[in-house]
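Counting starts at 1 for both ligands and their atoms, in listed order.
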Amino acid sequence: MEKVVLITGASAGLGEEFARQLAQKGFSLLLVARREERLFTLQQQLCLQYPDLVIHSFCVDLRDDLAGQQIIDYLQSNALSLVGLINNAGFGQRGLFSEIDVNTHLDMLQVNIRSLVALTYLAIAEFEVELSFIVNVASTAAFQAGPNLAVYYASKAFVLSFSEALHEELKEKQIQVSALCPGATNTEFAQVADLSGSLLFRLRVMEKQAVVDYALANLHKAIVIPGGVNKFGALMAQLSPRSITRKLAYYIQK
Ligand SMILES: NC(=O)c1ccc[n+]([C@@H]2O[C@H](COP(=O)([O-])OP(=O)(O)OC[C@H]3O[C@@H](n4cnc5c(N)ncnc54)[C@H](OP(=O)(O)O)[C@@H]3O)[C@@H](O)[C@H]2O)c1
């Protein structure tokens, strides 16, 4: 059986960068996202660059309840086993809660939370022995409430809490679990979330290479916050009254 790392949301941004850096480190991969052409192009590039690796891609919409099982079925039917899982796919949508279509909120919960939980569960159930690391991409948004991105912030608080708990539970099984908490990062995220013009993304943005490099160097940590400014911000968010941090979050993403 070929051993691979599964990366969700590999067609862009942090997921694509995880694919490039993991391939460089010698890992075979299964790339997952919706946009087929993007995945195929990345797959081709990596196959050319690293002919010794096996690079698979599988198009699936993580809003679909069956997506997790379909990914596991793909692994099994291609005789692949999992050594790593990067639960990276996710999106946000700026706006007042009541002014955004409820289906967008529910899709966000599905992609950011439900699919992540399902994939994590199935991956452990099927590949407990081979699996050595899981990275769940949370955000510095996890450390406070976020008016104007209410569901997104709440979804990332879930990812952080869930990942910390699994970090302890899975130690006995030698599976490292970390919550990666990037701050504003230069990907397509801001454009998709309609945040490009916000103060948050005009203040300071990290490059995805540095975020992923830091994440992969810290797989053993429960909470991974790339960048000194983000670390400081997350610390202040935890030390300050929540009545202040939520107002500040509202201000920077209006
Ligand atoms: N960039 C930031 O400032 C920032 C900060 C903190 C945390 N994060 C988190 O980092 C993660 C990666 O985001 P990014 O910054 O790299 O954004 P991005 O460039 O927009 O990439 C998002 C990825 O998620 C995939 N995705 C979205 N909806 C999907 C669905 N329904 N089914 C399957 N795949 C889906 C997209 O692929 P397709 O569209 O092809 O499906 C894409 O590959 C997210 O969880 C995000 O919340 C980002």
Return the closest protein heavy atom for atom 3 (O) of ligand 1 as residue, atom name and distance. T185 N, 2.8 Å

Among all protein heavy atoms in this structure, tell me which lies nearest to atom 27 (C) of ligand 1, with the distance rounded to 0.1 Å. R34 NH2, 3.6 Å

Passes side chain to side chain donor-acceptor pair (under 3.5 Å), E2 versus S28? Steps please. CA-CA 8 Å; E2 187 73 37; S28 288; 3.3 Å; yes

Derivation of the side chain to side chain donor-acceptor pair (under 3.5 Å) call for Q209 and R20: CA-CA 9 Å; Q209 291 82 357; R20 294 192 187 284; over 6 Å; no

To atom 45 (O) of ligand 1, the nearest of V111, V137, N88, N186 on a heavy-atom basis is N88

What atoms of ligand 1 come within less than 4.0 Å of a heavy atom belonging to L14? 10 (O), 16 (O)

Looking only at protein heavy atoms, identify the closest one to atom 21 (O) of ligand 1 and say how far it is in Å. A12 CB, 3.9 Å

Criterion side chain to side chain donor-acceptor pair (under 3.5 Å) on T120 and N87, from CA distance to verdict: CA-CA 8 Å; T120 304; N87 276 312; 3.0 Å; yes

G13: numbered ligand 1 atoms lying under 4.0 Å from its heavy atoms: 16 (O), 19 (O)

So, E16 and R35, do they make that salt bridge, N to O below 4.0 Å? no

Close-contact set for ligand 1 against D61 heavy atoms, below 4.0 Å: 30 (C), 31 (N), 32 (N)

Would you call K173 and E128 a salt bridge, using N to O less than 4.0 angstrom? yes

Considering only heavy atoms, does K156 approach ligand 1 within less than 4.0 Å through its side chain, its backbone, both, or neither? side chain

For K171 and L166, indicate whether the former's side chain and the latter's backbone hold a donor-acceptor pair under 3.5 Å. no

Heavy-atom contact under 4.0 Å between R38 and ligand 1? no

Just jot down the ligand 1 atoms closer than 4.0 angstrom to any heavy atom of V60, in number order. 32 (N), 33 (C)

Check: residues 233-246 side-chain donor-acceptor pairs under 3.5 Å, at least two apart:
{"residue": "Q238", "atom": "NE2", "partner": "A234", "partner atom": "O", "Å": "3.0"}
{"residue": "S240", "atom": "OG", "partner": "M236", "partner atom": "O", "Å": "2.5"}
{"residue": "T245", "atom": "OG1", "partner": "R242", "partner atom": "O", "Å": "3.3"}

Would you check if the side chain of T104 reaches a backbone N or O of I100 as a donor-acceptor pair within less than 3.5 Å? no

Donor-acceptor contact present, side-chain T185 to main-chain G183, <3.5 Å: yes

Counting non-hydrogen protein atoms only, what is the nearest one to atom 1 (N) of ligand 1? Give residue, atom name and distance. T187 OG1, 3.0 Å

L82, L6, L85 screened by side chain to side chain contact (heavy atoms under 4.5 Å, CB included) with I134, the one that passes: L85

Parallel under 30°, tilted from 30 to 60°, perpendicular over 60°: which one fits the rings of F189 and Y152? tilted

Got an N/O contact under 3.5 Å between G9 and ligand 1? yes

Measure the distance from atom 42 (C) of ligand 1 to every protein heavy atom, then report the residue, atom name and distance (to 0.1 Å) of the closest one. S11 OG, 3.6 Å

Do me a favour and list the nearest non-hydrogen protein atom to atom 47 (O) of ligand 1 with residue, atom name and distance? Y152 OH, 2.6 Å

May I ask which of P226, G90, A138 has a heavy atom nearer to atom 22 (C) of ligand 1 than the others do? G90

Among all protein heavy atoms, pick the one closest to atom 5 (C) of ligand 1 and tell me residue, atom and distance. G183 O, 3.2 Å

Enumerate the atoms of ligand 1 whose separation from the nearest heavy atom of F201 is less than 4.0 angstrom. 3 (O)

With heavy-atom distances below 4.0 Å as the criterion, list the atoms of ligand 1 near A184. 3 (O)

So, is the end of the K254 side chain (NZ or CZ) under 6.0 Å from the ring centre of Y250 and within 45° of the ring's axis? yes

Hey, is A67 touching ligand 1 through its side chain, its backbone, both or neither, going by heavy atoms under 4.0 Å? neither

Shortest protein heavy-atom distance from atom 19 (O) of ligand 1, along with the residue and atom involved: E188 N, 3.1 Å

